[in-house]
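Data block below; observations after.
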Amino acid sequence: MSTESLARTVARDRRPAPAGPTDARRYVNQWVEREAIGSEEVSAFVLILRTRGCYWADEKGCSMCGYAKDTLGRSASPEELAEQLAHATSRYQGEPYVKVYTSGSFLDDREVDPASRQRLVEAFSGKARRLLFETLPEFAVADRLEPLRAAFSGEIEVALGLESTDPTVLGKYIHKNAPPSEYLAAGDRVRALGLRAKAYLLLKPPYLTETESVRDVVRSVREAAPHFDALSINPVHIQNGTVVEWLYRRGRYRPPWLWSVVAALREGAGLRGTSRLVSFPTAGGLPRGPHNCGECDRRVLDAIETASLRQEFGLLEELECACRHEWEVVRSLEPLGVEA
Ligand code: SF4
Ligand SMILES: [Zn+2]
């Protein structure tokens, strides 16, 4: 099967049937995590709203993204979104950093209508210092951002899933809807409006070797840094109903080693300019997430988190484990097409 038809088949199969009102009144998930604002470590309140989800996931979707399973299969009404928000704010404890995700784009009117966006931003205004939401680049435009900036007392941070600055990697391997140049331009637009811009960079998309993926993400750090205030390296974890899962089940994909995350942070640290560079791996240490040998995973993950929070990448130089040699052997055999 070609990668094109594989992507479209996987996208069709994972699309949910339209949900009833009970599901639409409940957000997908909410938790609190460690974060930093400047040099200060703070708590972040993370909220995943249940919306119709990403329009691109219906058409083709990205090869590693399974968020469509958390969506409604239809747009949520303003009343349903208001219930989700009321439930979320009842759990909010004044965390300084608030992150809102929708399994798509917060700024897409089909997912969150403009009045609901406004209500959400107002709900956290005067309470949170920084509010982050994620969007595709085509929606990061002045007429959608300016009313939100005006409604929020603190700092708004717009996150964009750039993933890679290489057009082939982004278009052919990750299957994003737009070329990297549109993401970089969106970062510039966001900053010109006085807001913070953050980019997610993907470590180890399908069809790249471990070595190629580190090289790709390091180059992306260098090329994206002038356009963003923060860069987050996200190593792939295998989500249900994705091209990556299809390959994984057939033994044709291994999630990245944590040593690759360490290498990417160490190399990227010298290329990030004034941008923050972080990585908070999802499903770290699990078979379907970025992992090492199992013995050292917790220690390496803790070091990655601390280095990210403090922006002290020298911490990563002290890490050692016998499996580091195995990772190096894997990388040395990759050019020969041999799997260790
Ligand atoms: S990664 Fe983003 S753009 Fe791609 S399908 Fe998922 S939500 Fe949509
Ligand atoms: Zn190890």
Side-chain angles (χ1 to χ4, degrees), residues 7-8 10-16 28 48-72 100-108 110-112 133-140 158-164 169-180 182-183 186 198-203 205-206 232 234-245 256-263 282 284-285 287 290-304 316 318-330 340:
R8 292 194 188 280
V10 169
R12 188 200 59 222
D13 290 350
R14 72 168 166 239
R15 194 170 301 152
V28 176
I48 319 279
L49 292 172
R50 201 180 297 274
T51 70
R52 87 171 287 292
C54 176
Y55 81 88
W56 179 241
D58 290 347
E59 290 179 29
K60 183 175 180 184
C62 299
S63 52
M64 71 306 183
C65 178
Y67 294 132
K69 71 177 184 347
D70 294 329
T71 62
L72 285 171
V100 179
Y101 298 98
T102 66
S103 308
S105 295
F106 182 69
L107 298 180
D108 183 348
R110 292 166 288 188
E111 292 191 50
V112 185
F133 49 75
E134 188 176 15
T135 185
L136 281 169
E138 59 264 44
F139 306 119
V158 180
L160 294 143
L162 164 61
E163 321 297 5
S164 171
V169 172
L170 193 63
K172 290 205 180 316
Y173 304 162
I174 301 178
H175 305 152
K176 271 279 156 121
N177 65 330
E182 289 195 25
Y183 287 82
K198 177 174 188 173
Y200 297 121
L201 302 175
L202 192 69
L203 179 67
S232 178
N234 291 351
V236 165
H237 68 285
I238 294 163
Q239 300 181 32
N240 293 334
T242 60
V243 169
V244 167
E245 187 191 45
W257 287 73
L258 290 170
W259 293 124
S260 294
V261 182
V262 169
T282 300
H291 62 273
N292 283 349
C293 66
E295 291 289 315
C296 66
D297 293 48
R298 189 65 266 156
R299 191 160 46 86
V300 175
L301 283 164
D302 286 348
I304 289 170
L316 301 173
E318 294 152 20
L319 293 167
E320 263 315 329
C321 179
C323 74
R324 192 183 172 99
H325 177 66
E326 193 188 330
W327 170 72
E328 279 163 2
V329 170
V330 167

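Just so we're clear, the structure is a prediction, and the values are computed from it rather than from any experiment. Read the numbers this way: they start at 1 and go in the same order the structure lists the ligands and their atoms.
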Practice item. Please work out the angle at the Zn ion (ligand 2) defined by atom SG of Cys323 on one side and atom SG of Cys296 on the other, rounded to 10°. Key: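 The SG/SG angle about the Zn ion (ligand 2) sits at 100°.
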Practice item. Could you grab the angle centred on the Zn ion (ligand 2), going from SG in Cys293 to SG in Cys321, to 10°? Key: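 That angle is 110°.
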Exercise for review: Step by step, work out the side-chain hydrogen bond (donor to acceptor under 3.5 Å, both in side chains) result for Asn177 and Glu138.
Suggested key: CA-CA 10 Å; Asn177 65 330; Glu138 59 264 44; 3.1 Å; yes
Exercise for review: Give, for atom SG of Cys323 and atom CD of Glu295, the distance between the pair rounded to the nearest 0.5 Å.
Suggested key: 9.0 Å
Practice item. Using a 4.0 Å heavy-atom threshold (strictly under), name the region of His175 that reaches ligand 1: side chain, backbone, both or neither. Key: neither
Point to revise | Distance filter under 2.8 Å, centred on atom 8 (Fe) of ligand 1 - protein N, O or S atoms that pass it | key: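 You should have found Cys54 SG.
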Taking C-beta and beyond as the side chain, do [X] and [Y] meet within less than 4.5 Å on heavy atoms?
X	Y	answer
Pro205	Ser164	no
Trp56	Ser105	no
Phe106	Thr51	no

Exercise for review: Kindly assign one of parallel, tilted or perpendicular to the pair Tyr55 and Phe139, based on the angle between their ring planes and the thresholds 30° and 60°.
Suggested key: perpendicular
Review point. Among all protein non-hydrogen atoms, which one is nearest to atom 2 (Fe) of ligand 1, and what is the separation to 0.1 Å?
Key: Lys176 NZ, 4.1 Å
Revision key, fill the gap. By ring-ring contact (aromatic ring centres under 6.0 Å, His included), Tyr183 pairs with (sequence neighbours left out) none
Review point. Just by distance, do the side chain of Asn292 and the backbone of Trp257 share a donor-acceptor pair under 3.5 Å?
Key: no
